[in-house]
Structures are given as C-alpha cells and as structure tokens.
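First the proteins, then the strands, lettered A, B, ... as listed; each starts at 1.
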Amino acid sequence: MAIAAESTVMNNVEAVRSTLYEALKTDERTVILGEDVGARGNVFLITKGFLEEFGESRIIDTPLAEASIIGVAIGMAMEGLRPIAEIQFAEFIYPAFNQIVGEAAKTRYRSNGDYTCPLVIRTPYGGGVRGALSHSVSIEALFYHVPGLKIVAPSFPADIKGLLNAAIDDPDPVLFLEHKKTYRMVKGEVPSGHYTIPIGKAEIKHPGDKLTVVSYGLYVHQAIEAAKTLAADGMSVEVIDLRSIRPMDRTTILASVRKTHKLLIVHEDNKFGGVGAEIAAMVAEDAFFELDAPIRRLCGPDVPAMGYAAPLEEAFMISTTRMAEAMREMVRF
Amino acid sequence: MAIAAESTVMNNVEAVRSTLYEALKTDERTVILGEDVGARGNVFLITKGFLEEFGESRIIDTPLAEASIIGVAIGMAMEGLRPIAEIQFAEFIYPAFNQIVGEAAKTRYRSNGDYTCPLVIRTPYGGGVRGALSHSVSIEALFYHVPGLKIVAPSFPADIKGLLNAAIDDPDPVLFLEHKKTYRMVKGEVPSGHYTIPIGKAEIKHPGDKLTVVSYGLYVHQAIEAAKTLAADGMSVEVIDLRSIRPMDRTTILASVRKTHKLLIVHEDNKFGGVGAEIAAMVAEDAFFELDAPIRRLCGPDVPAMGYAAPLEEAFMISTTRMAEAMREMVRF
Amino acid sequence: MAKAITKPAFERHGLKDDQLSWMMRNMLLQRMLDNRGFQLNRQGKIPFATGSEGHEGIHAGAALAFERGRDILVPYYRDIGLCLGVGMDPIHALLSMFARGDDVSGGRQFPNHYSHHSLGILSISSIIAAHCPHAVGAAYAMKLRGEAGRAVLCTFGDGSTSSGEWHEAVNFAAVHRLPIVFLCENNEWAISTPRSKQMACERIIDKAPGYGLPGVRVDGSDPIATYAVVKEALDRARTGGGPTLVEAMCYRFLSHTTDDDDRTYRTRDEIESHRHQDPVPIFEKLLIEHAVMTSDEISQMKKDILALVNDLTDRAEALPFPAGSDLDKHVVEGAYEPWQ
Amino acid sequence: MAKAITKPAFERHGLKDDQLSWMMRNMLLQRMLDNRGFQLNRQGKIPFATGSEGHEGIHAGAALAFERGRDILVPYYRDIGLCLGVGMDPIHALLSMFARGDDVSGGRQFPNHYSHHSLGILSISSIIAAHCPHAVGAAYAMKLRGEAGRAVLCTFGDGSTSSGEWHEAVNFAAVHRLPIVFLCENNEWAISTPRSKQMACERIIDKAPGYGLPGVRVDGSDPIATYAVVKEALDRARTGGGPTLVEAMCYRFLSHTTDDDDRTYRTRDEIESHRHQDPVPIFEKLLIEHAVMTSDEISQMKKDILALVNDLTDRAEALPFPAGSDLDKHVVEGAYEPWQ
Ligand SMILES: Cc1ncc(C[n+]2csc(CCOP(=O)(O)OP(=O)(O)O)c2C)c(N)n1
Ligand SMILES: Cc1ncc(C[n+]2csc(CCOP(=O)(O)OP(=O)(O)O)c2C)c(N)n1
Ligand SMILES: [Mg+2]
Ligand SMILES: [Mg+2]
C-alpha cells in the first residue's frame, strides 16, 4: 500500500472508528445500530462519542436481538439508508444467520435486481484474548460459501480504512470482520482523505520466492514475523494477506504459486471446511502442475473453540514459532 | 451393502418412514417434533399415521418457530429423551442456526462431558423438483465446518435405514439430510431387522480404476449411471458415495485415489466453499503425489439457488450427460 | 354506477360508491386469479399455486387504506389482492404462476412472491416472518428522514407470530414508535396447525400489550370494517402515533397450496361451517342490498374480470421463460465470481 | 440460633428461622464470592469476572423454593447464588474464576457458566436466551414421562426477553402447559441499555398475557417475597397448572462485568438512588429486627464465610489449569476427527 503524503499512525480500533466517523459525517444516510453502540460507545469504545455528535436516531442502541439488528438494517438498506450494523461479538451472529444468509444475500437476486441491500455488518472475531469458548470464535467459514454475500477481514489499519470505505460504498451486503486481538496490538500508517481498496484483492505483505503463505487476520502479522526470521536464514517466503474472503483473489495467489511452487495456508479458524479448503482446492485445480510439494494447511484444531484457561487457548492458537517451523519444512521440502 | 436374506424393496420415503416408525415403537424415549408432522403426517407424508398410533405427546406439531424446534429438542435430549426434530424444508433451518451451531454442537464440550445432546435433525434438501429459490437449496456446507456436529446425507434406502438408526443411537447431534428428489425416485432393497451403518463411512457404489468420482445425494445416482455409460465404452470409473459428510471417510477416498490417480468431485451445492473444497484440499495434502491430473470439482454454480422456471433449474442442475462428459475428459487426461 | 335515491344507512366509513365497487372488483379479481392458479395447476400447466380464498376482504379493505406513492407495503405470499389493490398490474400474478422471464423475480421465486420497488411493495420472502424486520427498517428510514404522512403496512399470517423474528421486529418498532401497522391475516391455520397448537392466547391482539402497543381486532370478511381499522392505524402511524397490531379474522378456504391436501387435517364440515365468513358473496349481497351496485352490474363485472384473466393468462403463457443464462444475473451488482 | 419469645408479626410465608438464616448465608456467600471475583481481577490474577450484586434476594428466595433432587434449574451467568442455593459446592465459583481443570467446563467457559447434571443444573450458555428453549425441552421431558411434582426453573435477564428465542421458548411452553417457571431477574439494565430502549411495555409481566400465561411481579430485594412467589409458581407447575412468568425486580449495582465501565452510561447518583434496594443490608436488618438472628450472629456468619472464601480461593488457585491436550476432549463421544 503506497502511503500518501499525509498520513497518521493509528491502531486498528482507531482505523475502524475514524472511518465510521467520516461515513457518518459525510453521508447522512449512514446509521449505526447494535447493542451498546450508543452511550457505551461499543464495548471496545469504537463508537464512543458518536451518540453525542450524531444523535440517537443515527446511533441506535438496539434491543438484545440480533436477528432484528440485521433484519431491521436490511429494511433500512432497501429503503435508502446506509446502515452499518454491529454484532457485539462474532458468536452472537448465529441468531441473525437467517437474516444474513436467507435474506440479505438474496434480496437482489430474488427481486431480479429491483431491490438492493447495501448493508455492512461489522463484528469482532478471533482469539488470543482470553475470550473463552464464546468470545473467541472465527465465523468466516460459516458464511464464505454464501453467494450474494461479501466478506472482508483486513488486519492493517490502512487496509481497514480502505476496505471499510469500500464496504460502506458497496451496493450489496458486506460482512466486515475485525480480529479483536489486532485492535490495539497493530498500529500503522493510514493515508489521510477518503480512499477505498477494492473488495476481492489480496496483497503481498512480504515478498519472497520459495514458498507462498496465504493468511488473513491476526496470523498475517505472525506470518510476516516468521517470514522475517526465515529471511534471516536465507529462506525467502512470500506472505499474502487475503484481506477479502469472498470474493477471493485467485490472480494474486496463482501468480505467487507459479513463482514459488509451494503453498502453505495458515488460518486461525478450524481446519476442516475452513477458508483454506477452498484455497487449496482452487490451486489443486488451477495450478496443479505448478506445485512442487503437497499443499499444506496450518489451521485451528477441529474443536468448537479455544477455552478460557490459558493452556487451552495456547493449544488452539498457532505460535509464530510453529508457523516458522512449518514454513521452514516446506521451503526445505 | 450385503442384502440380508430377508429384505423389502422400498423407496427413500418409505425407508425414512419405516425407520422412524421402528424407533418410536422400540424406544419410548423417542419423540418427533416439527411443523405439520402430526395430523398432516409431514408434507411428504413421512410421519403419516404416527400421531394416531403414538399420540400427541410423542408426535408434536410445533409452533412455526424453528429456533424453538431445535432448542426444545436440545433440552429434551439433555434430559433423557431421544428427540428427532424435523425442519420442514432445508432453508428453514437458518433461523435455528444458533441452536444448532451455538448450542447443540457445544453442549458436550462446554459442560466437559457432563451433558450430552443425542439429537437428530432431519430435513429435506436439494433441487430438481421445481422448488424455486426457497425449496431447493443445499445446506451441508453451512454446517460441515462445525465441530461437535455430525452430518449424513445417504441416498439409498438401505443406507438411509442404517444411517438413520445410527443417528438415532448416536449420543451427539446429527444433521440428517434427505434429498427430496430421491424420495420417490430411488427404490432399493432394504434388509429387515435393526441394523446400523457407522457414521463416517463412505461406500463404493460402482467400482472402477481409471477415475475416482466422489459424490453424495441425488448426484450419486446420476454418477453411477454416467459411470455405466462410460463402462460401456471401456472406461472404468469408481463412484464413491460419501454418505457421511462430517466425519468424512478419508480412508476410502485415499485408497481409491491411490488406485485411479484421478479425482473428480461432484455435488449439487455451490462450488465455492462447498464440501468438495475440503475433499480436494485433503487429497492435495495427503495424496498429492498419487495424482496424475488436477483435481476437478463439478458443482452447483455460485448463485443463491436455482430458480422456479424450468430453464433456471436446468441451468443449475448437472445432467448425467454433463457428468459423463466430465468423467470422459478426466479419464482421457 | 347505480345511485339509490334513499339508501338505507350502513356503516360505510365515508367510502363513496366507486370506492366500494373498486373493492368489489379487487375481491373478484383476486378470487378469479386464485382459481386460475389452481386450475392451471390441475391442468398440469404450472407445478404449484397458492390461493388466498377467504382473505379478499382484508386485502380490499387494507389496500384502500394504503396511500399509493407514499406508503410502503411489506406483504407475504397470500397478499395477491393487497398487491393488486396498491397498484400491481394483474399480469404479474400470471407471470409469477408461469415463471416467465418478465416475472418480477425473473422466474426465480414461487408464484405470488412479488416485489415492486416503484409501487413500494417490498420483496417477498418464502421464509416466514423474515420480512417483518425489513418492514421495521423501512419505517425507521421514514421516521429518520422526517417523512411525516408516510407509513409501512406489514402483513403476515397467524402462525407467523410464533416466530422469533416476528417478536423482535414488533418489539423494535414499538421501542422506536415507528410509523408501521402490523396486520395479521388470521385464517385460523398454519398449514395443518390450528391456533391452539400455535399459541396459548385466544387472540393475536392479546400479544399487543407485551409490546406496549394497541391491538385492534376486526372482521376481515368485511372489507369496509377492515378499511376503517387499517386506515385508523395507518393514520396514527403517519402522524407519529406509533405502531398498531391489527388482527383481521378470516378463514383459509383452500388447501395451504396445491401441494397440500387439507383433507388430512380438517373436515369438509369445518370448512362449510365457515362459509358465512366468505367475504365475496357477503360483499356482493351488501352492495346490492344497499344499492351500491346492481346484481347485473356485478355479473357484468365478473364477466369483464374473467375476460381479463383469460386474456392475461394467454398473454403470460405466450411469453418466454427466463434463459438458463439468466441464472447468474443479479447475484450482486455487476458480474460475480467468488474467485477473482 | 436466637429464638425471640415474642416475635413481631412479619410476612414469613411459613419459613422457619433456620430457613431464613440459610437465605442470609446464601446471600452473604454470593456477595463475598462476587467481590472476590472483582478483587482477583483487579489483582491481575484472573482476566475477567462477573458480579451479581443486587440479585442476592432473588437467588436466595428462588433457591429455597427449588426442590433439590426433583426440580431442574436452567440458569444464566448471573446466577451464582441460585446455583449455590440449589446445592453447588462454592469451590466451583472459584474454579471457574481461575479456569482450573476441575472447573465444570474444564476451564473452557467464562466464570459462572455452570453445569451440574447431578444437581439438575443445566449447562449455561454465553449466548443470551439460547438456554430458554432447553428449559422448555426439559420440562417437556418431565411432562411426557408423567413426572408430577417436578418442575423447571428458567432464569434470564430483562434484556433477554427481547430475543426471538426467548419468545419462541415461552410460547412453546405455554402451548403445552409445561411444568416450568420463567423467572426474569429484572435489574433494569442490559449492559448499557435501559428498559426504555429494550421494550415499550412498562413491565416484563406485561408480556405474559400474549402467551396466555399468568405474570407475577415481586420485589426481588426481598428474598421472602421472592420465595413465596416462585414457590407458588413452581407448585402450580408441579401440579399441572402450567407455566408462570415471574418478574423479580432488582438492580445491578456493579458494572456488567470487569470488562465494562458503567461510568460511561450511568451516573453514580443513579446507582446510589437504588441503594435502598440492596437486598443484603435489608435482609440483615429484617432478621435482626425480628430477632431471627442477632447482629453478632450475622457478624460471625460473615467472618465464617470470609474464612471459607479465603480457603476456597487458596485451594482453587493451587489447583492446575487444564492441560493443553484437553482441548480436543469431549467434542463428541470418543475420539473425534472430522476426517476418518
Ligand atoms: C421459517 C419457515 N418455516 C416454515 C415454513 C413452511 N411454511 C410455509 S407457510 C407455513 C404456514 C404459515 O402459516 P401462517 O403464518 O398462519 O400463514 P397462512 O399461510 O395461514 O396465511 C409454513 C409452516 C416457511 N415458509 N418458513
Ligand atoms: C445473543 C447475545 N447477544 C449479545 C450478548 C452480549 N451480552 C452479554 S450480557 C448482555 C446483556 C444482558 O442483559 P440482561 O438479559 O438484562 O441480563 P443482565 O446481564 O442484566 O443480568 C449482552 C448484550 C450475548 N451474550 N448474547
Ligand atoms: Mg394462517
Ligand atoms: Mg438486565
């Protein structure tokens, strides 16, 4: 990402917050709705102060009822508003599944284009924060199979701004995933002024030519760190940050695999049926003869979620050391 | 499947029906709950007559509220009953997503084994029946990523009996998918007496050695037909019926791929993120060097669902001819 | 139009003769389109049809209370008469039955799943009660923009009120005092499930106080009474008075759909015992008695409508199906591939 | 136990002195465990705690009405006192805070997410209202098996009643007249959301008639009154009278959890204005006034409880975490791999 002349260093919370703020400021059709987004300013303080500035009718503390948060937002979107709905923690999106999969994703299709549903759904996901069974899950694989829905999961502040702007501008529903461990952990330059990053474009965050590593979310940061360690040992690893999960960027992945001939996919979500499955399948279909080694997926174990106790969390999460090891093995293969 | 000395020819509806009937007869803990399962005897007449024989308290016409159908069944299961919950059509499972994914699949895990959830959820899915956008969807890929849940999708009467018995006996929640087009279309021998087929075991329905075709549901029947056409031309294709989607049978798939060196996956559900993705990924990881050709997936297009109009349905569904062509291409590759 | 010199007093809620005969026409048209659907299904020309016989009074009355060009209708699959009544061209009923390419869903949805943005008819879902929160969102948009004088009319069946999404929608609307009317078409059945297995309260309006809302019950076989009640509720909504829950009583005379066989769960006697609630003959009789229309005029109206429906049937049938290649249109804006 | 010779009449609903002091002890224990959680969190020893200060009266009263070994409790995360009151060993409160391997969830869930099959305490979910249908299913099992004399007690917060799953659960129970009591612990807040933004009715019990159920409101700061109301409702359930919706009023004195900072959304003055509802000092005073316990006895009780809580803290802290290898236990019965 080229950094504009003017830019500010901020963390991921600030990137989300300032982008939402601009959307509220510049487009009066924008409304934010969710639990505790008003006076509380969201449980991570992302919307703090918005209520005072934009008023109760645009910053809406909803009843505790996720299906209606999304369902009402759909109606708003169909009638010309630009709702940004928040699900307080990713797991609480389950009760809204019908509204997202059965309704939002099908509004345009079932009305043959007569109605659109420009809706953004933001939610914090992911582990490593002692969030226990309930406040640490990943949800992307439950939705990435759904035609009509877009899913983004950026994890750098500048990407967050560009993709959140793109999501807000998008005429179709976008699920915007924010890894909560990156919220205050990750800082970076964010260009000033309005810009968008197209949904569906990955980015090489660390170039290399002996192995392609595809990841997203928190693990991109660890993968880059691991790649740097390997670079010090003369092993050149390319780290691709997917950023968008649906649509996904075949071009960038295939170009990289054609160069490195090896593919490692790393994600926090459970392995079986996870996003890595589709990536592996696509490459096994479309670049099979480019591969010099079996595709490998390094993913979350197939258990419901990490536990609250530190050892259970550690057993679930993949350390940078384990990532580096897997990369080393593959480079040497 | 070896056919017992005594067996009866029945269609898939009769296989489901007679298995449910036996469960109700032999275990008084068994209850059936769902919309219109009572006097109406289910919209496909699967439970017809059960109300009269087993009474209102075991054959429960529920209110129109899917989250409670599953949620109440969970409570029944936790307190010693053996509920078999029905979702009238697969798409109407979305409102129950939270109860299935957030609750049933986690009951054992979050109570560290103190509580179990022996629950069966039956639902008719799939297209080719002029069911339009809403009554023709596949849902397996929305659930197969979920640890703690089992999913079966048999499509032969004898498999239905064996797997439905296994699902009912299972101490954990099982999603039992019935392809509605096979309901009256598919007939076959069903052994008499009680038996189970282990969840997680695929079966070779048509042996061959030049190509492995993995499928399930309606398409298994077409794949077998296509394989027969190819056999007539001297091309030997092995057709594996997955039967179980989670857990899935790596052993049978890998053994077949080691023999044929080529893999074609065929399913009705949308391609991107579908069940075929995981199969392809697994093989690309675990049998990469066995493969002589890129893995190929022949799947539903990535649109929300087939339409009501015949041409839209035809454009979505994969004909036996198209399957045979794809097989031919792969055998020749 | 016949003008009676001395008209016996009847409660017409200020409705003029042409409005009354407009309602008559709406009801007859709906019934004939319904019958046509079942007929075409029996003839093997269409695989599926839904009928709303018994709901005509509700539809005619509510449609008259609706303000075209201002209000928004968020209907369900029974609302053929209501959609016609707020301005939908009846050709759409046939296009949807025949699943033609010109159908509003492009031949994708089952019959009677309309959406007409230009008429303010929101897109109908097959998933029961899923549309109720959408109606609330539309009402929220009106309120946020300060569009006084507009309101949303959201309809659903009695069974739908068991759904969690219905509860959440009504509750949300009540908290924000949104300009919306929730109109329950209580036909006593949800497929084969009667009220007593659907809820433990006697009336749908018993649910209103739990949302802090007024509830009004009306005889839905009477389009005039329905008009009056829905109009009052819409007016309250339009003037900042918040939502109302209206329960309009009717009876579903046909099987749930052509796929259903109601003989498995209700007797013919039960159905006959409800004939006195059939809105069409009641209203015909009323208009004749009060000299709003003559019997001849009504007969002529029926003939005209039948001719229209025949003509529409022919026109719709003659139109093409959508092309198979339309399958991937309108998934999202522009072309759409999950892999880019 | 002090016995007063002439005891001033107070409404004790047949409760004996030892039952009253049992309630006092339950309330004090709960409060001390709560405080311990917040304290351990401030000390950096545990990452998270939830408190129920203000709910003690409800818990003590409802627990006393519960019949151990017969009834089933389907609680939520605030119900520490209720779980203790129906027989849970207080060590579990500490084990859950410290996420030790011996915790009932094996250190998987947040603190206060209990499950004790042997005590009839169903597994607590973090997903609001998701447990309500489970309670209904348990009650259904009792009714199906003809287990008269048993009932289910299902608790939840005021905010939870907005959820669709709550609606569906209560409705289902009502249709089948199941042996269940729905007990709402109305503490006036759902994190930062006050009642007025959660619902448009004044009282939770206004929702009861919509389900055809009786609704009873009680002052939850009074454990005796709560006992009486819950007992009556449970007795009705146990004898085939069907469900009741009970609303017990209380106030949440602490922030929602240690992760929350309530200063962002409510004033200190508001909190202070509710101090008169604090069940612990009220009940202390009542027992002393009516000579059920002396002030010295209560002081001694507090000392004993503090010693107990200190001891439990030390014991729990000394126990090991679960092993990382426990992560894949109990996903399903037996070993579990999605690829077999
Ligand atoms: C969520 C969901 N569950 C089940 C169905 C299947 N279904 C279609 S109509 C219907 C009954 C609806 O009853 P009611 O709401 O009273 O409307 P009516 O058809 O009587 O007008 C059912 C159960 C559905 N469409 N959606
Ligand atoms: C489905 C769901 N949505 C959101 C949350 C986050 N959350 C946890 S507690 C809570 C408020 C609960 O309020 P109430 O029901 O009144 O119970 P209280 O905490 O006040 O006792 C919320 C919104 C959740 N746990 N589950
Ligand atoms: Mg009905
Ligand atoms: Mg509360």
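Side-chain contact check for D:W339 versus B:P247: every heavy-atom pair is 4.5 Å or farther apart. Here the side chains of D:E333 and B:T116 are not in contact, with every heavy-atom distance at 4.5 Å or above.
A donor-acceptor contact shorter than 3.5 Å is absent between the side chain of B:D114 and the backbone of D:V104. Under the 3.5 Å distance criterion, the side-chain polar atoms of D:Y140 are left unmatched by any main-chain donor or acceptor of B:G75.
Contacts of D:I121 with chain B are made by backbone atoms alone, with heavy-atom separations under 4.5 Å and no side-chain atom involved. Contacts between D:V332 and chain B at a heavy-atom distance below 4.5 Å involve backbone atoms as well as side-chain atoms. Interface remark: B:N112 contributes backbone and side-chain atoms alike to the contact with chain D (heavy atom separation under 4.5 Å). Proximity to chain D (any heavy atom under 4.5 Å) is shown, for B:E278, by both the backbone and the side chain. For B:I151, no part lies under 4.5 angstrom from a heavy atom of chain D. If you measure heavy-atom distances from B:I60 to chain D, the contacts under 4.5 Å come from the side chain alone. Looking at B:K150, only its side chain comes within 4.5 Å of chain D, counting heavy atoms on both sides. For a residue to count as touching a neighbouring chain, one of its non-hydrogen atoms must lie under 4.5 Å from one of that chain's; by this rule D:A138 touches chain B with backbone and side chain alike. There is no contact between B:A73 and chain D, counting heavy-atom distances below 4.5 Å. Only the side chain of D:H176 has a heavy atom closer than 4.5 Å to any heavy atom of chain B. Both the backbone and the side chain of D:L122 come within contact range of chain B, each with at least one heavy atom under 4.5 Å from a heavy atom of that chain. In this structure, the portions of B:P147 lying under 4.5 Å from any heavy atom of chain D include both its backbone and its side chain. Residue contact with chain B, scored on non-hydrogen atoms closer than 4.5 Å, involves the side chain of D:Q109 exclusively. Within the 4.5 angstrom heavy-atom criterion, only side-chain atoms of B:I253, from C-beta onward, approach chain D.
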Next item on the list: Determine, step by step, whether B:E103 and D:H131 satisfy the side-chain hydrogen bond (donor to acceptor under 3.5 Å, both in side chains) criterion, reporting the C-alpha distance in whole Å, the side-chain angles of both residues, the deciding distance to 0.1 Å, and the verdict.
Entry: CA-CA 8 Å; B:E103 301 295 315; D:H131 64 301; over 6 Å; no
Note to self: Is there a side chain to side chain contact (heavy atoms under 4.5 Å, CB included) between D:I72 and B:E79? Walk through the geometry before answering.
What the structure shows: CA-CA 10 Å; D:I72 287 177; B:E79 281 307 319; 3.2 Å; yes
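A distance of 9.0 Å separates CD in D:E168 from CG in B:L64, rounded to the nearest 0.5 Å. Between D:K329 atom NZ and B:R108 atom CZ the span is 14.0 Å, to the nearest 0.5 Å. Put simply, NZ on B:K106 and OG on D:S125 are 8.0 Å apart, with the number rounded to the nearest 0.5 Å. The CD atom of D:E337 sits 13.0 Å away from atom CE of B:M248, with the distance rounded to the nearest 0.5 Å. The distance from the CG atom of D:L144 to the CD atom of B:E28 is 8.5 Å, given to the nearest 0.5 Å. D:L327 contributes atom CG, which lies 4.0 Å from atom OH of B:Y109 (distance to the nearest 0.5 angstrom).
Listed here is the closest heavy atom pair of B:Y115 and D:S123: CE1-N, 3.9 Å. Contact detail for B:L149 and D:Y336: the closest heavy-atom pair is O-OH, 3.7 Å. Residues D:P133 and B:S68 share a closest heavy-atom pair of CB-CA, 4.5 Å. Listed here is the closest heavy atom pair of B:G148 and D:V331: N-CG1, 3.6 Å.
Remark: D:R236 CZ is packed, more than 12 non-hydrogen atoms of other residues, nucleotides or ligands lying under 6.0 Å away. Open room surrounds CD on B:E56; 12 or fewer heavy atoms of other groups in view lie less than 6.0 Å from it.
Interface check for chain D: of the options B:I69, B:L81, B:D172, B:I70, the most heavy-atom pairs under 4.5 Å are formed by B:D172. When the candidates D:V175, D:V136, D:I124 are compared by the number of heavy-atom contacts under 4.5 Å with chain B, D:I124 comes out ahead. Options B:T251, B:N98, B:T252 differ in how many heavy-atom pairs under 4.5 Å they form with chain D, and the most are formed by B:N98. Interface check for chain D: of the options B:D170, B:T107, B:D249, the most heavy-atom pairs under 4.5 Å are formed by B:D249.
A donor and an acceptor atom, one from each side chain of B:Q99 and D:H134, are located under 3.5 Å apart. D:S105 and B:R110 are not linked by any side-chain donor-acceptor pair at a separation below 3.5 angstrom, with hydrogens and angles left out of the test.
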